[in-house]
Amino acid sequence: MSSPLDWTARKLISYPPTAKPAGYNPRACGVILQGSTTDVVLQLLCARPAGRWTSNHLIEAAVLAQVGRAAGTVRWALVYLRQLGLVEASGDNRNSRYLRYRVTPKGMELKR
């Protein structure tokens, strides 16, 4: 006579393996979500006059005043936008440790 545990194990083994469903990821990689900090930063830089550089401090202050996001999320958004090629950075004349940012033509095209 077999034990209930043995019977259960045999039943589980007898079932055919099922493929995992692909699923839906609402936060797919490389997609800027509407209303996210990244989206707000890109909108802010697109609203600036073409070719105009904006310092990190001014971007952080504007986003903080507009939507109340933390400065760290703004810094991450700027790094992410640079990786996507939507924003470019340059050293500030006052101190090379600080960066200035402006939107690239690719970034302007994306926000139209």
Side-chain angles (χ1 to χ4, degrees):
M1 181 163 257
S2 64
S3 70
L5 185 59
D6 186 40
W7 178 83
T8 306
R10 272 192 251 131
K11 280 293 194 184
L12 288 173
I13 291 172
S14 68
Y15 284 113
T18 58
K20 291 186 178 181
Y24 170 70
N25 184 3
R27 297 181 181 188
C29 295
V31 176
I32 299 173
L33 298 175
Q34 189 76 18
S36 66
T37 305
T38 306
D39 182 45
V40 172
V41 169
L42 187 57
Q43 293 282 352
L44 177 79
L45 290 173
C46 286
R48 305 280 295 167
R52 182 133 185 215
W53 293 97
T54 308
S55 69
N56 184 27
H57 173 72
L58 292 175
I59 296 169
E60 287 178 10
V63 171
L64 185 65
Q66 188 176 359
V67 289
R69 304 281 164 76
T73 60
V74 175
R75 289 185 207 118
W76 184 90
L78 288 168
V79 169
Y80 183 60
L81 288 169
R82 282 180 65 193
Q83 288 176 349
L84 293 177
L86 304 176
V87 169
E88 61 183 341
S90 172
D92 198 342
N93 295 335
R94 295 170 289 172
N95 189 336
S96 61
R97 287 180 23 201
Y98 301 112
L99 295 176
R100 300 175 305 160
Y101 299 91
R102 70 177 173 190
V103 69
T104 61
K106 182 180 173 184
M108 288 297 286
E109 186 177 306
L110 179 71
K111 278 299 156 187
R112 286 187 188 164

**Q** Distance from Leu45 atom CG to Thr54 atom OG1, nearest 0.5 Å?
**A** 5.5 Å
**Q** Can you name the side chain to side chain donor-acceptor pair (under 3.5 Å) partners of Asn93, sequence neighbours left out?
**A** none
**Q** Rounded at 0.5 Å granularity, tell me how far CZ in Arg10 sits from CG in Leu5.
**A**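 Arg10 atom CZ to Leu5 atom CG measures 10.5 Å (nearest 0.5 Å).
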**Q** For a quick test of reading the model, state the closest non-hydrogen atom pair linking Ser55 to Arg94 and the distance between them.
**A**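 Scanning both residues completely, I find the closest heavy atoms to be CB-NH2, 4.4 Å.
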**Q** Look up atom CD in Gln43 and atom OG in Ser36, then write down how far apart they are to the nearest 0.5 Å.
**A**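 So the CD of Gln43 and the OG of Ser36 are separated by 10.0 Å.
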**Q** Any side-chain heavy-atom pair from Ile32 and Asp39 closer than 4.5 angstrom?
**A** yes
**Q** Of all the heavy-atom pairs spanning Arg69 and Leu64, show the shortest one and how long it is.
**A**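 The answer is O-CD1, 3.0 Å.
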**Q** Give a yes or no on whether Trp53 and Val41 share a hydrophobic cluster (residues Ile, Leu, Val, Met, Phe, Trp, Tyr; joining criterion: side-chain heavy atoms under 4.5 Å apart).
**A** no
**Q** What residues form a side chain to side chain donor-acceptor pair (under 3.5 Å) with Glu88, not counting sequence neighbours?
**A** Arg102
**Q** Side-chain atoms of residues 71-86: list all donor-acceptor pairs with protein atoms under 3.5 Å, sequence neighbours left out, distances to 0.1 Å.
**A**
residue	atom	partner	partner atom	Å
Thr73	OG1	Ala70	O	2.6
Arg75	NE	Glu60	OE2	3.0
Tyr80	OH	Gly30	N	3.3

**Q** Is there a side-chain contact between Val67 and Thr37 in this structure, where contact means two heavy atoms from C-beta onward sitting under 4.5 Å apart?
**A**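 A side-chain contact under 4.5 Å is absent here.
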**Q** If you compare all heavy atoms of Cys46 against all heavy atoms of Val103, which two are closest, and at what distance to 0.1 Å?
**A**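 Smallest interatomic distance, heavy atoms only, reads SG-CG2, 3.9 Å.
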